[in-house]
Amino acid sequence: MITLNGWQVPGYETKVKCGFKLAGEDLSGAGSFLINADNGIKAAILTVTTKVPFVDVTQLKELVTKAKALDENGARVAYTINCDVASAFKVRKAKFDGEVSAIEEDEAKAWMVSFRLTELLSKSEREQQQLDKTAISNTQVVASDGHNEVQDKFAAQDGP
């Protein structure tokens, strides 16, 4: 089961896959040593598949509406995610991203619905924001108008 802002995603046989990429780069070149650059942890991706019965077309419409929803700034809506696998990966907020699809399955008399959610404000992003705030608060102004001060001293001098 997965909910978006408390709204339960409809359907049955719902599967949620969650994963993230540990970004890195091979720096070993032609040598035999293994040297990797750590490029951080990328945002988690939740892939959801579910079957929505044909008789529940209203629920499918509601899901599509949520996927297309925009906030007051014209950006896709961020949803608070609640499901076990998202909690295990510490994913709290996500937005629809990529393809949202529904395929008719006549035998099951249902649509096989799939969509993707991309994590917002991942742990890495929150840590970076905290570091940025600390850096800003620890920054001191080194020089405040040095050019004008030099010009004033030059103008005050007597001479040719």
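The figures here come from the full heavy-atom set of this structure, side chains too, leaving out hydrogens, waters and symmetry mates.
Pairs of residues two or more places apart, or lying in two chains, that qualify as side chain to side chain donor-acceptor pair (under 3.5 Å) and include a residue from residues 97-109 are Asp97-Arg116, Asp97-Thr118, Ser101-Ser114. The stretch residues 53-64 participates, sequence neighbours left out, in these side chain to side chain donor-acceptor pair (under 3.5 Å) pairs: Trp7-Glu62.
Leu60 CG to Trp111 CH2: the interatomic distance, rounded to the nearest 0.5 Å, is 5.5 Å. Distance check, rounded to the nearest 0.5 Å: CG of Leu117 to CG of Leu4 gives 6.0 Å. For the atom pair CG of Leu120 and NZ of Lys95, the computed distance is 5.5 Å after rounding to the nearest 0.5 Å.
Side-chain heavy atoms closer than 4.5 Å link hydrophobic residues (I, L, V, M, F, W, Y) into clusters, and following such links, even through other members, never connects Met112 to Val64. Grouping the Ile, Leu, Val, Met, Phe, Trp and Tyr side chains by contacts below 4.5 angstrom, directly or via other members, places Ile45 apart from Phe89.
Between Glu13 and Lys51, the shortest heavy-atom distance links the atoms OE1-NZ, 3.2 Å. Closest approach of Val100 to Ala67, counting heavy atoms only: CG2-CB, 4.0 Å.
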Side chain to side chain contact (heavy atoms under 4.5 Å, CB included) between Phe115 and Thr49, worked out: CA-CA 7 Å; Phe115 59 91; Thr49 57; over 6 Å; no
Chi angles and distances behind the side chain to side chain contact (heavy atoms under 4.5 Å, CB included) call for Leu46, Val91: CA-CA 9 Å; Leu46 287 112; Val91 175; 3.6 Å; yes
Side chain to side chain contact (heavy atoms under 4.5 Å, CB included) assessment of Thr14 paired with Val48: CA-CA 7 Å; Thr14 303; Val48 181; 4.2 Å; yes
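Evaluation of the ring pair (Phe, Tyr, Trp, His ring centres under 6.0 Å) rule for Tyr12 yields no partner, not counting sequence neighbours.
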Under 3.5 Å, which donor-acceptor pairs link side chains of residues 73-85 to any protein atom two or more places apart or in another chain?
from	atom 1	to	atom 2	distance (Å)
Arg76	NE	Phe96	O	2.7
Tyr79	OH	Lys66	O	2.7
Thr80	OG1	Lys93	NZ	2.9

